[in-house]
Amino acid sequence: MAGVVTYHDLIARNQRRSALLVVAFLVLTNATLATMAMALFGGNAQVSLGIVLVTVGMTSLVAAWGYYGGAETILKMSSASLVAKNDDPELYNVVEEMAIAAGLPNPPVYLIPDSALNAFATGRDPHDARIVVTSGLRAALSRDELQSVVAHEMSHVRTNDTRLMMLLTILVGLVVLVSDAYLHGARWGMLWGMRGSRRKSDGGSLGAAMLMVSLILAVVSPVLVRLIQMAASREREYLADAGAVELTRNPEALVSALRKLSGDREVLEVANRATAHLYIVPPIKGWEERSKGLFATHPELANRIERIRTLAA
Amino acid sequence: MPGVGAVLVVLVAAIGSAALVAALAYNRLVALRLRTENGWSSIDVQLKRRHDLIPNLVETVKAFARHERETFEAVTRARQAAMAASGVRAQAQAEADIGAGLDRLLAVAEAYPDLQASEAFGRLQEELASTENKIAFARQHYNDTVLQYNTAIQSFPTYLMAGGLGFEPREFFEIQVASERHTPAVRL
């Protein structure tokens, strides 16, 4: 059996990476905040310790919120709304069919009102999973093609890719967004202005702390964006394509669905840097084309189709 | 004399690791058997759903096509037979008969444009088509788990303990040759 990668292995690997991600998030945020505290209150050990304890507590709460509330947050960020069976029996049935084929609980289905063609799955585990499609995709695909796309998402659920991707979006996305805003503010001098009015007595050491944090964030933030892109590796997408074919036994439908999805040039408005990696095809086309190559979040269409065809042979 | 001590250590280690391997193998067999049972119950749920759809479908078609009594009776009989059937093989056969009956019912329905146009019939057709798919996918999932379970029972080292501990191979859910791979031609 050596060399054979089972679903069990994939799930275990995702669990490890998820745990690692949470630890990295806690270490990074606390190191940054502790640096600030030390610079500000370096002379007073008790105050510094108190601040560190508070930040550890707060960042842990954020991590817990990301884990338990991440899926809901991502749905809100994407303005997705729940589809009841009566709203669209066919879509609902297709999702249930794929859940049965994978032997997983039947996940709720959400619709993003956007004419771009795309889909993703999220959730901390198969019981918390949700499948999301755009209304453009719903309208453009045949039943078989829709089934293939849902099957691709269901394989992300089955291997628990959804947990890692969700944590990446929430935790790393949060750090990236905050540091972007911070660096932006620092550059334009807004924070420096605010500092003057808030803490008049401590100006010097606060300025030093701000500078240090700016430096840390300026170095770390691009690395984090790369991290998001790398975790959403080509391998993960190839595996989900293969898993989809295993569920539907219909490689041609997946190929024609991917063709339609990639042929669509429309940009999905609700996608951003933190959520782009979740989708079955890149939602932000221009950006994806520029970062083509080693760090692209999705393999190129031709490669994907070739691999799917190899499965069929 | 280091000889006796060393032999003892090796012996204990060998027995210990054999026990560990046996325990892991046993747990794997139990997990696989549980999965085949879950797979079977998920087929069962879908078959029941199909049985539940039939009276509704028959009533809807009857409203437009009164004179097709024979077809209605055939489907209804097949449904009753399927609900009474037990065991993997008998059930598969009975379900194949239902499938043949539904085929005929839908063929009859083709001759009635008013029926085809009715909203209730459209909804039932989607439900029926999807239920057929769900049965097919549940069967596929069940057969995959059975394959894994049966392979585990027949391969070394689990083979050594499977028989003694009552792990019997399970039957695949296969629809018999005549009406094989049959899904009523439902047009969407």
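Quick note on labels: first sequence line is chain A, next is B, and so on, each numbered from 1.
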- prompt: Looking only at heavy atoms, what is the nearest atom pair of A101(A) and H141(B), with distance?
  reply: O-ND1, 3.5 Å
message: Side chains of E97(A) and S130(B) only: does a donor on one sit below 3.5 Å from an acceptor on the other?
response: yes
- request: Give a yes or no on whether the backbone of E126(B) and the side-chain of E90(A) come within a donor-acceptor separation of less than 3.5 Å.
  value: no
message: With a 3.5 Å distance limit and no angle check, can you tell me whether Q46(B) reaches the backbone of I100(A) through a side-chain donor-acceptor pair?
response: no
message: Counting only non-hydrogen atoms closer than 4.5 Å, can you tell me which residues of residues 119-130 of chain A sit against chain B?
response: none
query: Quick one: which residues of residues 72-87 of chain A reach chain B at under 4.5 angstrom, heavy atoms only?
result: K85(A)
field: Heavy-atom neighbours of Y7(A) OH exceed 12 at 6.0 Å
entry: yes
query: Is R28(B) atom CZ crowded by more than 12 heavy atoms from other residues, nucleotides or ligands, each under 6.0 Å away?
result: no
- request: Report, by ascending residue number, the residues of residues 8-16 of chain B in heavy-atom contact with chain A at a distance under 4.5 Å; give 'none' if the set is empty.
  value: none
message: At under 4.5 Å between heavy atoms, what parts of residues 67-81 of chain B are in contact with chain A? List them by residue number.
response: none
Proximal component of N38(B), with respect to chain A [non-hydrogen, under 4.5 Å]: neither
message: Distance check, rounded to the nearest 0.5 Å: E96(A) atom CD versus F137(B) atom CZ?
response: 12.0 Å
Distance, nearest 0.5 Å, that separates CG of D144(B) from CG of L247(A): 9.5 Å
query: In terms of heavy-atom proximity below 4.5 Å to chain B, should A99(A) be classed as side chain, backbone, both, or neither?
result: neither
